[in-house]
2 protein chains.
Amino acid sequence: MRPYKHPDPSSFALERIFHALSDPARLEIVRHLAGVEQAACGELEFGRPKSSMSHHFRILREAGLVQTHAAGTTHLNTLRKKELDARFPGLLGAILKQPR
Amino acid sequence: MRPYKHPDPSSFALERIFHALSDPARLEIVRHLAGVEQAACGELEFGRPKSSMSHHFRILREAGLVQTHAAGTTHLNTLRKKELDARFPGLLGAILKQPR
DNA sequence: TCGATAGTTCGACTAATATCGAATTAATGG
DNA sequence: CCATTAATTCGATATTAGTCGAACTATCGA
């Protein structure tokens, strides 16, 4: 469990972001995080095993969508809203504005 | 080569759109179409074989991103800008505004 | 220090996806 | 009708991705 690596906004890649968002579980995570400021990994596993979720969080982190930091035994995730809006204005809004 | 099926905007799925855009070749197609009004399939194959391109066009069509209609022996593709903007305001703009 | 809790990592398995040559369909022009 | 051009479809293969149990690591509290 060494520290996570979070990409710098300058190295965000649109393809990678789109790939991250193409999975229903991950899109669900992003939508949830958008309304919540921060959330522990455990809050977001909807019946799915932890190992699967851990995988999805990694994809989201490596794409630059989510930032994770450890706080005790729980790990808190946040949407990298500001950086994403700066680099891809409108993108996040388009996703979240969307009905479902 | 029976007529293509193009999904109705009401059945556009964000996951499907993101998946379509997660491939470099397809993202390139979309970016190109954004500035061109319409283009034949052949114009967009950058060294890639036709069969690969045909595959990518199908994915783009089925996601609702691209509309194709036959005109003689060539098939013309257009970005479904209006429908996409109506259903996911800001999404297309965010993609195309992007530097690279 | 032990046990519980939160996540990660590993490995195996399965399912999707991409690639691309070859065969096929369709329209056009001569 | 035949040759050409444009693109799709088919199949085989290779790569990538998702799923999930089991083992592991780290932190906290009693």
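Note that the structure is a prediction, hence the values are computed from the model and not measured. Note: hydrogens, waters and symmetry copies are ignored here, and every other heavy atom, side chains too, is used. In the text below, chain A, chain B and the rest are named by the order of the sequence lines, each starting its count at 1.
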- line: Sorted by number, residues from residues 38-46 of chain A placing a heavy atom under 4.0 Å from DNA chain C are A:Ala40, A:Cys41, A:Gly42

Using whole Å, report how far [atom1] of [X] lies from [atom2] of [N].
X: A:Asn77; N: C:dG7; atom1: CG; atom2: C1'; value: 10 Å
X: B:Leu27; N: C:dA18; atom1: CG; atom2: C1'; value: 16 Å
X: B:His19; N: D:dT16; atom1: NE2; atom2: C1'; value: 11 Å
X: B:Lys5; N: D:dT8; atom1: NZ; atom2: C1'; value: 15 Å
X: A:Asp23; N: C:dA15; atom1: CG; atom2: C1'; value: 13 Å
X: A:Leu76; N: C:dT8; atom1: CG; atom2: P; value: 11 Å
X: B:Glu62; N: C:dT17; atom1: CD; atom2: P; value: 11 Å
X: A:His69; N: C:dA6; atom1: NE2; atom2: C1'; value: 14 Å

- prompt: Does any residue of residues 50-59 of chain A have a heavy atom under 4.0 Å from DNA chain D, and if so, which ones, in number order?
  reply: A:Ser51, A:Ser52, A:His55, A:His56

- prompt: Just to confirm, is there a sub-4.0 Å distance from OP1 or OP2 of C:dT8 to any side-chain nitrogen or oxygen of A:Tyr4?
  reply: yes

message: When you group the ILVMFWY residues by side-chain heavy-atom contacts below 4.5 Å and let the links chain together, are A:Leu14 and A:Ile59 in the same group?
response: no

task: Output the single nucleotide from C:dA18, C:dG7, D:dT8 whose closest atom is nearest the side chain of B:His75.
output: D:dT8

- prompt: Which one, C:dA18, D:dA6, D:dT27, comes nearest to the side chain of A:Thr73?
  reply: D:dT27

field: Given DNA chain D, 5'-ward residue of the pair A:Arg26 and A:Ala71, judged by closest heavy atom
entry: A:Arg26

- line: Comparing A:Ser22 with B:Arg61, nearest DNA chain D nucleotide closer to 5' gives the residue B:Arg61

field: Whether A:Arg16 side chain and A:Leu60 backbone form a donor-acceptor pair below 3.5 Å
entry: no

message: Salt bridge or not between A:Glu37 and A:Lys81? Use side-chain N to carboxylate O under 4.0 Å.
response: no

NZ/NE/NH1/NH2 to OD/OE distance under 4.0 Å, B:Arg26 and A:Glu15: no

message: Going by the rule side chain to side chain contact (heavy atoms under 4.5 Å, CB included), which residues pair with B:Ala70 if we only count those two or more places apart in sequence or in a different chain?
response: B:His75

statement: With sequence neighbours left out, the residues meeting salt bridge (Lys or Arg N to Asp or Glu O under 4.0 Å) with A:Lys50 are A:Glu45

- request: First locate atom CG of B:Leu21, then atom CD1 of A:Ile17, and finally report the distance between them rounded to the nearest 0.5 Å.
  value: 12.0 Å

- prompt: Residues in ring-ring contact (aromatic ring centres under 6.0 Å, His included) with A:Phe12, at least two apart?
  reply: none

message: Give me each pair satisfying salt bridge (charged side-chain N to carboxylate O under 4.0 Å, His left out) with a member in residues 59-74 of chain A, each pair once, sequence neighbours excluded.
response: A:Arg58-A:Glu62

message: Classify A:Arg16 by what it touches in the nucleic acid, base, sugar-phosphate, or nothing, heavy-atom distance under 4.0 Å.
response: nothing

